[in-house]
Amino acid sequence: MIKRDVLVIGAGAAGLFCAAQAGARGRSVEVLDHAKKVGRKILMSGGGRCNFTNMYAEPANFLSQNPHFCKSALSRYTQWDFIGLVAEHGIAYHEKTLGQLFCDDSAKDIVDLLLNECKKAAVTITTRCEITSVEKIEGGYLLTTSNGEYSCESLVIATGGLSMPKLGATPFGYKIAEQFGLNVLPTRAALVPFTLHDKDKDILAELSGIAVDVYASCNDTTFKEAMLFTHRGLSGPAMLQISSYWEAGDSLSINTLPNDDATALLQTARTETPDALLATCLNKVFPKRMVQSFIEYHNWRNVPVKQLTHGECDAIADTLENWQIKPNGTEGYRTAEVTIGGVDTNELSSKTMMAKNVEGLYFIGEVVDVTGWLGGFNFQWAWSSGWAAGQVV
């Protein structure tokens, strides 16, 4: 039997960072993962450049049934702490937009940082290791695996959510939580593109590849970012962001003119170019293909703007600034960046991430019911929650 002080299940961002922290305290630590390679989700994140944190990360950027839970970890290990570590490792990075920090070169730089920190802390990492059972024993835990039996004092579950099953996502962490009597909140895909009903898709699919800045709103939450039309529906940062707040049956409200006044635009056209077609007027602010499709989709009359009634102008302006569309659903876990829901934070200590009623059992990262916005926030939760557990395991 292999004996360790700490076993971490999951060699992703949270698991590796937690392991390095614990190892640096002199604990004997081993990370176990069923995949062939560590950090697979890190490697493909941010288009291969890894959006490793956000300069403006704060608790308000996270969803949880208990919005206060994340405050402790985020305040004790901040984005600036991780940025300092990135600089210490000589990794070049840049701000892309809205505080999002990316590697200049490759996401592999972040994986290398984690592996170097683990190496420095004498952490053992074992891949291709299937765990068949976990049981509580006196003084800790006994794990039966494809590599034999392990025992440990502290067991850290860092297995992530259900998003991107092709990268090895499984419900393992939720099952362990339930095995030990912890409540697991319902999960759903988040930061995910929307699919549309056929009647909408038949026309809007023609716009695939077109992106426009919008305000996207749902359930009292609004994001201003780009929306991308796809063959199947709506994507882009604005749609991914609002998907975390959308539930089946909800409509989205989309302002396709976030920087203009649609009513003023049409009034100016009626005054200055009354003989111009509606399409000609709208082509000044939208891609031509989008104008053609919107005119067909919304049954607008493409006539000289002087021929449009005031009522028609008001309706067109209202639609441009408050387009109501009800998605058919989302692309699901297949393309979702994260999973909403998971281990109920009321079951955990916000300071240590340990289960309140199960000594020595910890949950960190995405497996917990804490979900960040798009833009590096979920990585920051991985670092902060991993650090918090790493100080005490």
Side-chain angles (χ1 to χ4, degrees), residues 41 44-47 51 54 56 60-63 96-100 102 161-164 187-260 262 285-287 289-291 293-294 297-298 319-341 366 371-379:
K41 205 168 175 184
M44 60 74 60
S45 67
N51 179 191
N54 193 294
Y56 306 120
N61 305 122
F62 295 84
L63 292 83
K96 192 171 179 182
T97 181
L98 302 171
Q100 302 169 11
F102 288 77
L162 300 173
S163 45
M164 300 190 183
T187 59
R188 60 185 169 87
L191 300 184
V192 62
F194 290 104
T195 57
L196 296 178
H197 292 283
D198 287 345
K199 65 180 174 59
D200 299 315
K201 190 167 63 176
D202 286 347
I203 295 176
L204 298 177
E206 295 171 12
L207 301 180
S208 181
I210 289 178
V212 290
D213 283 338
V214 301
Y215 281 117
S217 303
C218 187
N219 291 320
D220 302 321
T221 304
T222 300
F223 290 96
K224 183 190 178 186
E225 291 206 55
M227 174 180 74
L228 174 70
F229 291 94
T230 72
H231 288 296
R232 290 166 58 83
L234 301 173
S235 187
M239 295 297 104
L240 298 187
Q241 293 281 37
I242 206 65
S243 72
S244 296
Y245 295 84
W246 176 87
E247 294 187 18
D250 289 342
S251 290
L252 302 176
S253 173
I254 300 172
N255 181 346
T256 59
L257 270 181
N259 302 315
D260 291 285
V285 288
F286 294 110
R289 263 200 303 148
M290 181 173 165
V291 171
S293 290
F294 261 46
Y297 178 73
H298 294 296
T319 299
L320 292 175
E321 294 185 353
N322 188 24
W323 174 30
Q324 298 288 315
I325 185 163
K326 186 178 286 190
N328 182 38
T330 72
E331 295 274 6
Y333 292 119
R334 184 179 65 84
T335 60
E337 297 204 10
V338 290
T339 304
I340 277 185
E366 193 186 340
T371 306
W373 290 0
L374 185 73
F377 299 101
N378 287 291
F379 274 117

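Looking only at distances, no side-chain donor or acceptor of N328 sits under 3.5 Å from a matching main-chain atom of H197. Not one N or O on the side chain of R289 forms a donor-acceptor pair closer than 3.5 Å with the backbone of I210. At distances below 3.5 Å, not a single donor-acceptor pair connects side-chain atoms of T222 with backbone N or O atoms of S217. With N378 contributing its side chain and G372 its backbone, the two residues share a donor-acceptor pair below 3.5 Å.
You'll find the side chain of L240 reaches within 4.5 Å of the side chain of L374, heavy atoms only. Between D260 and E321, the closest side-chain pair of non-hydrogen atoms is not below 4.5 Å. Between T371 and T339, every side-chain heavy-atom pair lies at or beyond the 4.5 Å cut-off. Between Y215 and L257, every side-chain heavy-atom pair lies at or beyond the 4.5 Å cut-off. The closest side-chain heavy-atom distance from V212 to M290 is below 4.5 Å. By the 4.5 Å heavy-atom criterion applied to side chains, L234 and P193 are not counted as neighbours. Between D250 and N219 there is a side-chain heavy-atom pair separated by less than 4.5 Å. Side-chain contact check for T187 versus I340: every heavy-atom pair is 4.5 Å or farther apart.
The minimum heavy-atom distance linking C218 with L252 is given by the pair CB-CD2, 4.1 Å. In this structure, V192 and G332 approach most closely via the heavy-atom pair CG2-O, 3.4 Å. In terms of heavy atoms, S293 sits closest to I203 at O-CG2, 3.7 Å. A pairwise comparison of heavy atoms in P327 and I325 identifies CD-O, 3.3 Å as the closest pair. Shown here for L228 and A211, the closest heavy-atom pair between the two residues is CD1-CB, 4.1 Å. Nearest heavy atoms, A190 versus A336: O-CB, 3.5 Å.
Between the side chains of E337 and S163, not a single donor N or O lies within less than 3.5 Å of an accepting N or O. Checked by atom type, the side-chain pair N61/N54 shows no donor-acceptor distance below 3.5 Å.
Applying the salt bridge (Lys or Arg N to Asp or Glu O under 4.0 Å) definition to pairs two or more places apart or across chains, none involves residues 213-228. The list of salt bridge (Lys or Arg N to Asp or Glu O under 4.0 Å) pairs with a residue in residues 227-243, not counting sequence neighbours, reads R232-E331.
Residues passing the side chain to side chain donor-acceptor pair (under 3.5 Å) test with T256: none are found, sequence neighbours excluded. Applying the side chain to side chain donor-acceptor pair (under 3.5 Å) criterion to Q324, with sequence neighbours excluded, gives S253, N322. Checked against ring pair (Phe, Tyr, Trp, His ring centres under 6.0 Å), Y245 has the following partners two or more places apart in sequence or in another chain: F223. Under the ring pair (Phe, Tyr, Trp, His ring centres under 6.0 Å) criterion, F229 pairs with no residue, sequence neighbours left out.
Considering D202, D200, T319 as possible partners of Y297, the one that fulfils the side chain to side chain donor-acceptor pair (under 3.5 Å) test is D200.
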**Request:** Dump the intermediate steps for ring-ring contact (aromatic ring centres under 6.0 Å, His included) on W246 and F194, then the final yes or no.
**Result:** CA-CA 10 Å; W246 176 87; F194 290 104; 5.3 Å; yes
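You'll find the ring centres of F294 and W323 inside the 6.0 Å limit.
Between K41 and E366 a salt bridge is recorded (basic side-chain N to carboxylate O distance below 4.0 Å).
L207 contributes atom CG, which lies 8.5 Å from atom CE of M227 (distance to the nearest 0.5 angstrom).
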